[in-house]
Amino acid sequence: MNCKDPFPGIKGLIFDEPLIFNRSESGRNGCSVPDDDLVDFTYSIPDTFLLRDDIPGMPEVCELDMVRHYTRLSQWNYSVDLGMYPLGSCTMKYNPKVNEEIASLDGFAQLHPHTPIHLSQGALQVMYDLARYLTEISGLSAVTLQPSAGAQGELAGMLIIKSFHVNNGDSQRVNVLIPDSAHGTNPASCVLAGLKAVEIKSGPDGRLDPEAIVPYLNESLAGIMMTNPNTLGIFETHADKVADMIHGAGGLVYMDGANLNALMGIVKPADLGVDVQHINLHKTFSTPHGGGGPGSGPVAVSEKLKPFLPIPIIEFDGERYMYQWDRPLSIGRLHGFMGNFAVMLRAYAYIRALGPDGIRSVSEAAILNANYIKEKLRPYYNLPYNDICKHECVLNDEYQAKNSITTMDIAKRLMDYGFHPPTVYFPLIVHGAIMIEPTESESRRNLDQFINAMIRIAQEAEENPDLLKSAPHLPKLTRLDETLAARKLILRWTPDA
Amino acid sequence: MQYIPLTENECRQMLESLGVSSIDDLLSDIPAAKRLKQALNLPVAMSEQNLARFMKRLASFDTPHDSIPCFMGAGSYRHFVPAAVRAMAARSEFVTAYTPYQPEISQGSLQAMFEYQTMMTQLTGMQVSNASMYDGAMATAEAALLAVRAKRCQTVMVSRALNPSYRTVLDTYTSNLDVTITELPVNSKGQTDLTPLLSLDAKNIAGVMIQSPNMLGVIEDLESIGRQLKQLKILFVVVVTEAMSLAILKAPGHCGADIVCGEGQSLGLPVNFGGPYLGFFTVTDELMRRMPGRVVGLTQDTEGRCGFVNTLSTREQHIRRDKATSNICTNQALCAITSAMYMTAMGQRGLRNVALMNMKKAAYLKSKLETVSGVSIPFDGPAFNELTVVLPASLDSFQKALAEHGIIGGYDLRCSWPELGQAMLLCVTETNTREDIDRFTVVLSEWIQEVRG
């Protein structure tokens with residue numbers, strides 16, 4: 001036992017907690033309803049048939065019940081603030097606390113989206129400037145902040161590409177080339193924009209082989225969707241050549257910016273021939289993931305695609321920030337208002353805190369950390385694509401297979417050591433993929449601790465495989481039956497259950 | 001740099017262990033000609049103290065709605081949120097977690113989401129809720145796509161009184177798909193008129209989408225619409241932009257709705273200059289497997305204990321790729337959980353009382369406006385917390401008068417409803433005091449006197 005620096009995973013005091021509905025007591029009041037300053041005003045509700053009597057099942061608890069309930073639930077969650085969260089392609093970096101304070105300032109949080117522009121200049125400036133910073137980082141010409149997440153950014157990008165071709169009289173251009181290592185959102189977004197996803201097989205080195213796209217360089221080509229670095233964490237070395245080929249055939253290049261954390265200040269996507277890219281503020285720019293959202297997926301475009309951006313855009317005339325609605329070629333809107341503003345605020349603050357050198361250091365440290373993990377784990381886990389990596393690396397369970405140990409077993413066992421598992425079984429082109437993204441936030445001590453846990457698990461796989469198969473042992477619950485959940489669907493609580 | 005822990009010494013040692021001499025060696029796969037030679041053109045780094053000061057200054061250029069009388073609604077609603085909700089929603093275990101891909105160590109988010117789903121079905125009277133969409137507008141677009149998928153026909157009819165931003169998002173989402181959107185007009189009460197539908201062949205119509213309370217502030221007669229659509233076998237989609245209304249109005253699910261979706265911002269989220277909000281999406285059991293988005297289900301662990309997991313994932317993009325029911329991945333999980341916290345804090349009676357108070361304030365506003373000569377209230381349909389008013393002179397001039405008195409007025413309806421003239425949609429909630437409303441009325445009367453000379 002290492003007393004100086006043990007693994008964080010250890011059994012603790014965990015409280016059980018029922019569903020909130022089981023804490024409810026009819027007639028209990030938990031809230032302070034605002035005062036009625038119209039006591040003497042009598043009115044008749046015109047159509048009582050429009051009204052309901054009660055909301056059956058809605059909980060009735062006191063404030064302390066509510067606070068204990070959610071405090072206990074929160075303690076069953078793993079989180080970045082609790083420990084290392086090396087989920088590949090998710091960029092689980094530290095979420096600075098000052099950004100939370102900034103987002104809760106009254107001038108932002110209590111600002112109504114329809115507030116007249118002369119009373120919302122601060123918020124408009126934040127959006128205007130954030131768009132400019134993202135323009136600089138991507139090297140592209142203009143940015144929309146409207147998309148609420150990466151997938152909606154992809155949709156925006158695909159709609160822009162579609163509109164560009166249609167506007168050129170090229171509505172037959174529907175094919176979008178997508179490498180087989182891509183995120184599932186890529187083909188799904190493509191189809192939603194009325195385009196067709198064409199899967200391209202990755203080359204033997206895990207990269208996109210320019211030869212592979214040659215058959216598709218024709219009148220039906222709309223463009224390509226590339227993730228760079230790709231989901232293997234490998235830089236697409238031929239990206240600029242591929243872009244030239246696509247452009248030569250009249251297509252456009254979309255970059256999925258999920259992995260932008262590897263490139264900031266090192267290379268601008270526009271210099272690699274990218275025409276459109278989305279950026280995940282909730283990955284690269286440190287905004288928290290909130291257990292699955294909200295995110296924000298701004299889209300940057302080149303000069304010729306600017307007219308197609310969603311409306312409105314924000315302009316500055318040297319004195320005032322204002323909305324510009326008159327954009328006849330715009331794809332329209334993706335959000336009821338301007339997008340996830342409070343997420344943008346955090347990203348804005350992050351960029352201002354780091355400055356140009358800090359931004360570059362982020363990417364460099366992320367790359368160093370990922371390569372360090374990769375090299376340290378290589379003797380113990382198979383590395384299907386042996387190359388320098390960028391911000392993440394992909395291993396698999398090939399060495400452990402002889403003991404019937406799978407990637408899932410390794411992942412679950414990591415929980416016992418106090419780490420969140422890496423992304424598993426993705427990308428699909430690697431059998432049993434273990435995709436590790438440490439981010440720049442982790443210190444060398446944390447990396448070493450994670451590496452030691454992984455090495456220990458590789459040893460356990462040899463010596464005591466059952467320990468892995470029955471993992472996790474320390475969390476509140478053991479392995480959960482996902483098949484049962486899908487077969488016997490229970491998606492809400494009911495009083496008789 | 002406070003966010004990057006590596007020391008120079010550690011850096012050097014790590015590079016050594018990799019057998020390279022500098023970070024640049026790890027970048028050798030990026031064509032040298034493309035690598036940046038100079039620093040990004042971004043403002044220089046700021047200390048935390050300066051950053052906080054700077055951001056406070058920017059925030060001071062804005063006017064928060066609670067600092068002056070404000071009558072703005074139209075898709076974003078000002079409601080009181082108890083401190084306990086903010087405190088719980090700010091717990092970093094919820095805030096800094098990812099999507100619960102590993103359920104054993106994500107039970108907090110998962111159980112809270114299961115409770116959210118349950119509460120949304122209670123509020124809407126529907127059977128199934130997903131774990132959230134981006135916002136009300138996008139949820140509405142996805143509802144149209146679901147109707148088209150489920151009915152295998154292309155036409156969706158949409159009330160003219162749908163929020164115009166929602167309509168634009170709907171048009172954007174369907175612009176390149178085989179979907180036709182047609183509009184249903186509004187009658188003199190301000191409610192959607194189904195008459196044009198009756199002359200069409202119902203077999204060709206996938207769904208009808210009705211917002212209630214609608215963009216003119218009028219509550220729709222969902223029961224009657226539901227009855228008619230059921231006979232015609234057309235899917236009934238109810239869009240709710242003001243979720244607080246669900247606490248007092250008859251549940252759409254009990255009026256024959258097949259999909260109830262919309263905006264949940266009213267349930268505990270600040271107005272946030274437009275986002276992040278909460279797209280909610282609820283359906284009947286029949287439509288469950290065609291529903292977009294994540295959903296949490298109950299299951300057991302290996303020892304038979306209850307637990308929660310993401311389920312029905314075979315509908316989703318990470319499995320089905322180009323054949324998925326939607327491209328959504330990241331959603332608005334924390335917003336959904338926050339709204340569950342809000343509903344828990346308010347409870348059944350709290351929600352109902354606040355909703356009633358909204359109705360009462362709107363009734364009071366209406367009674368005051370009726371005393372102002374020259375102002376007309378064009379629709380006499382029932383209202384929740386919004387009201388359309390038509391002014392006798394230019395709305396721009398009235399907005400100017402309001403600004404001079406430090407009041408934020410209502411939503412300008414002229415763009416989407418030019419035929420109404422100088423029309424404005426006013427919103428009052430529990431955050432508006434009687435004094436606010438009285439003052440607004442006084443400013444309005446004085447302005448009318450002035451413009452009438």
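These values consider heavy atoms only, across backbone and side chains, with no hydrogens, waters or symmetry-generated copies. First the proteins, then the strands, lettered A, B, ... as listed; each starts at 1.
Heavy atoms of B:R434 lying under 4.5 Å from chain A belong to its backbone as well as its side chain. In this structure, chain A has a heavy atom under 4.5 Å from the side chain of B:M288, while its backbone stays farther away. For a residue to count as touching a neighbouring chain, one of its non-hydrogen atoms must lie under 4.5 Å from one of that chain's; by this rule B:M341 touches chain A with backbone and side chain alike. Heavy-atom distances place no part of B:I319 under 4.5 Å from chain A, backbone and side chain included. For B:S175, the part lying under 4.5 angstrom from a heavy atom of chain A is the side chain only. At a 4.5 Å heavy-atom cutoff, B:A131 makes no contact with chain A through either its backbone or its side chain. With a 4.5 angstrom heavy-atom cutoff, B:I219 touches chain A only via side-chain atoms. Both the backbone and the side chain of B:Y173 come within less than 4.5 Å of a heavy atom of chain A. Proximity to chain A is limited to the side chain of B:I23, based on heavy atoms less than 4.5 angstrom apart. Proximity to chain A (any heavy atom under 4.5 Å) is shown, for B:D171, by neither the backbone nor the side chain. At a 4.5 Å heavy-atom cutoff, the contact between B:T311 and chain A is made by side-chain atoms alone. Contact annotation for B:I248: both backbone and side-chain heavy atoms come within less than 4.5 Å of a heavy atom of chain A. Residue contact with chain A, scored on non-hydrogen atoms closer than 4.5 Å, involves the backbone and the side chain of B:P43 alike. Contacts between A:P59 and chain B at a heavy-atom distance below 4.5 Å involve backbone atoms as well as side-chain atoms. Of the two parts of A:E442, only the backbone, made up of N, CA, C and O, holds a non-hydrogen atom closer than 4.5 Å to a non-hydrogen atom of chain B. At a 4.5 Å heavy-atom cutoff, the contact between B:M14 and chain A is made by backbone and side-chain atoms alike.
Atoms CD1 and OG1, on B:I328 and A:T185 in that order, are 11.5 Å from each other to the nearest 0.5 Å. The distance from atom CH2 of A:W493 to atom OG1 of B:T121, rounded to the nearest 0.5 Å, is 10.0 Å. With values rounded to the nearest 0.5 angstrom, A:I388 atom CD1 is found 8.0 Å from B:I30 atom CD1. To the nearest 0.5 angstrom, A:F21 atom CZ is 7.0 Å from B:T344 atom OG1. Distance check, rounded to the nearest 0.5 Å: CD of A:E60 to CD of B:Q348 gives 5.0 Å. Annotation: the span from A:Q125 atom CD to B:D62 atom CG amounts to 10.0 Å, rounded to 0.5 Å.
Remark: the backbone N or O of A:L491 is paired with a side-chain donor or acceptor of B:Q117 at under 3.5 angstrom. No donor-acceptor pair closer than 3.5 Å links the side chain of A:D106 to the backbone N or O of B:P64.
Counting heavy-atom pairs closer than 4.5 Å to chain B, the top residue among A:A149, A:G194, A:P288, A:A485 is A:A485. Contact tally against chain B (heavy-atom pairs below 4.5 Å) for A:P475, A:G295, A:A123: the top residue is A:A123. The residue among A:C90, A:S361, A:S470, A:P56 with the most heavy atom pairs within less than 4.5 Å of chain B is A:C90.
The aromatic rings of B:Y277 and A:H335 lie tilted to each other, with the angle between the two planes from 30° to 60°. Taking the six-membered ring for Trp and thresholds of 30 and 60 degrees, B:F94 and A:Y70 have ring planes more than 60 degrees apart, a perpendicular arrangement.
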Chi angles and distances behind the side-chain hydrogen bond (donor to acceptor under 3.5 Å, both in side chains) call for A:S74, B:R91 | CA-CA 7 Å; A:S74 75; B:R91 286 194 67 95; 2.8 Å; yes
Worked verdict on B:T433 versus A:D37 for side-chain hydrogen bond (donor to acceptor under 3.5 Å, both in side chains) = CA-CA 7 Å; B:T433 62; A:D37 56 3; 4.9 Å; no
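Heavy-atom neighbours of B:R305 CZ from other residues, nucleotides or ligands within 6.0 Å: above the threshold of 12.
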